[in-house]
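A short worksheet on the structure shown next.
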There are 2 protein chains.
Amino acid sequence: MSTSALPYRPHNHDACVAQALADARAICQQRNARLTPTRERVLELIWQSHKPLGAYDVLAVLTEDGHNAAPPTVYRALDFLQQHGLVHRIASLNAFVGCTHAGKHHNGMFLICRSCGNVLELTAPNVAKAVSEAASAEGFQPEDVMIEIAGLCPACRAGAAHD
Amino acid sequence: MSTSALPYRPHNHDACVAQALADARAICQQRNARLTPTRERVLELIWQSHKPLGAYDVLAVLTEDGHNAAPPTVYRALDFLQQHGLVHRIASLNAFVGCTHAGKHHNGMFLICRSCGNVLELTAPNVAKAVSEAASAEGFQPEDVMIEIAGLCPACRAGAAHD
DNA sequence: TTGCAAATGTTATAATGTTGCAAATTCTTC
DNA sequence: GAAGAATTTGCAACATTATAACATTTGCAA
Ligand SMILES: [Zn+2]
Ligand SMILES: [Zn+2]
Ligand SMILES: [Zn+2]
Ligand SMILES: [Zn+2]
């Protein structure tokens with residue numbers, strides 16, 4: 001049994017953000033992709049917590065920043081970040097979350113707490129294997145696997161028990 | 001190796017629809033839920049093919065029908081159908097598809113062909129088990145599992161090979 | 001038949017996401 | 001360094017998806 005994973009345990013979140021930004025810079029440099037100020041700022045905002053953030057929430061902060069931003073500004077930045085595997089879109093929430101496996105090619109599996117909103121990204125080889133086998137059995141060739149699981153995180157389960 | 005599953009093989013689709021409607025009637029009767037004409041018509045439209053249908057597509061047909069319908073008409077019918085497990089919402093497409101396991105309590109796993117648009121709903125026990133184990137390992141209590149896999153169905157793989 | 005709950009009609013509005021084009025910036029090549 | 005190409009951004013309008021709020025009707029039961 002493992003110690004609980006990042007979003008679920010108290011941690012220095014500023015370090016999360018710093019690490020994510022540093023990784024992003026390294027990845028973009030390596031790929032000759034341009035992590036422009038707007039893109040970097042959007043990534044920073046997405047990482048402000050482990051809760052997914054909506055595009056229009058990002059837009060609101062950019063506007064507060066004094067940035068003259070419109071929806072395309074945000075969606076373009078998010079597209080860029082997604083393409084480079086720096087953020088993921090959570091389809092069931094229409095929102096975006098920082099990728100905790102940036103750089104590696106992967107399809108995440110997301111545990112979404114319906115109580116606190118935190119999202120944990122996992123890569124579960126057994127799940128990937130089972131999915132791949134199930135698809136193959138039907139002759140289906142998977143390209144993009146999206147797994148989003150809503151439920152209760154450990155902290156919120158504990159909290160709920162105290163009610 | 002199995003014979004290919006329903007949406008992938010030529011079949012009498014009218015029979016699909018008829019069966020789905022018959023099942024729906026039975027399920028609703030058994031639960032004292034009212035499958036009103038609007039709800040039944042929406043279900044029938046959703047079942048018009050194995051491709052997911054958007055809410056506003058449904059709305060357009062209802063309007064053609066002469067039904068004085070507005071968005072809430074459709075969304076309410078879809079909510080009802082979802083609650084009774086008669087349709088599923090495909091989050092990655094903002095669209096709805098008929099459930100092929102109606103009545104049974106389940107979370108489907110969807111194989112979505114990016115070429116033809118057909119969707120196959122599976123229940124893969126191995127996947128469910130792996131997901132459940134991966135979540136448990138993090139102390140997470142899953143409630144709603146959403147698995148949507150985009151790729152190529154057997155027919156479209158074959159077609160693509162001929163290009 | 002009267003009263004209640006469920007379902008529907010109706011209008012407006014919120015939330016999310018896209019298109020198209022022009023201006024500015026950055027990169028490349030000479 | 002300057003010209004030209006490609007990428008990025010600004011900006012306005014628009015498209016799509018979904019919900020809120022409240023009045024009205026319908027089905028059912030006491
Ligand atoms: Zn990731
Ligand atoms: Zn939680
Ligand atoms: Zn069919
Ligand atoms: Zn189903």
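The structure presented is a predicted model; accordingly, all values stated were derived computationally and were not measured. Protein chains get the first letters and strands the later ones, always in sequence-line order, with residue 1 at the start of each.
- Across the protein-nucleic acid pair, B:L78 atom CG and D:dT16 atom C1' stand 15 Å apart, rounded to whole Å.
- In this structure, the CD1 atom of B:I90 is 16 Å from the C1' atom of D:dT17, given to the nearest Å.
- You cannot call A:Y75 stacked on the base of C:dT18; the centres under 5.5 Å and planes under 30° rule is not satisfied.
- Distance, A:R31 CZ to D:dT7 C1': 18 Å, rounded to whole Å.
- Searching all strands for a Watson-Crick or G-U wobble partner of C:dC27 with both distances below 3.5 Å returns D:dG4.
- Separating the CG atom of B:D65 from the P atom of C:dT8 is a distance of 15 Å, rounded to the nearest angstrom.
- You'll find the side chain of A:K129 stays beyond 4.5 Å of the side chain of A:N126, heavy atoms only.
- In the set C:dT19, C:dT11, D:dT9, the nucleotide with an atom closest to the side chain of B:P72 is C:dT11.
- Of the candidates D:dC11, D:dT17, C:dG17, the closest approach to any side-chain atom of A:P71 belongs to C:dG17.
- In this structure, B:L59 atom CG and D:dT16 atom P are separated by 13 Å, rounded to whole Å.
- Side-chain contact of A:D79 with A:Q83: a donor-acceptor pair under 3.5 Å is absent, judged by distance alone.
- The base of D:dA15 does not come close enough to the side chain of B:Y56 for any donor and acceptor atom to sit less than 3.5 Å apart.
- The distance from atom CG of B:L35 to atom C1' of D:dG27 is 15 Å, rounded to the nearest whole Å.
- The phosphate of C:dG17 has OP1 or OP2 within less than 4.0 Å of a side-chain N or O from A:N94.
- Taking side-chain N and O atoms only, B:N68 has a distance below 4.0 Å to OP1 or OP2 of C:dT10.
- Put simply, the side chain of A:Y8 reaches to within 4.5 Å of the side chain of A:L111, judged on heavy atoms.
- On a pure distance criterion of 3.5 Å, no polar donor-acceptor pair joins the side chain of A:R76 and the base of C:dG17.
- Atom pair A:D57:CG and C:dA14:P shows a separation of 16 Å (rounding to whole Å applied).
- In this pair, B:W47 and B:H50 present their aromatic rings perpendicular. The plane angle is above 60°, beyond the 30 to 60° band.
- Straight-line distance from the CD atom of A:E40 to the C1' atom of D:dT8: 16 Å, rounded to whole Å.
- For B:T36 and C:dT8, the shortest distance from a side-chain N or O to OP1 or OP2 is below 4.0 Å.
- For A:R39, a side-chain nitrogen or oxygen approaches OP1 or OP2 of D:dT8 to under 4.0 Å.
- B:E121 places no side-chain N or O within 3.5 Å of a backbone atom of B:G108 that could act as its donor or acceptor partner.
- Residue A:L93 is the one, among A:R34 and A:L93, whose nearest nucleotide of DNA chain C lies closer to the 5' end (criterion: closest heavy atom).
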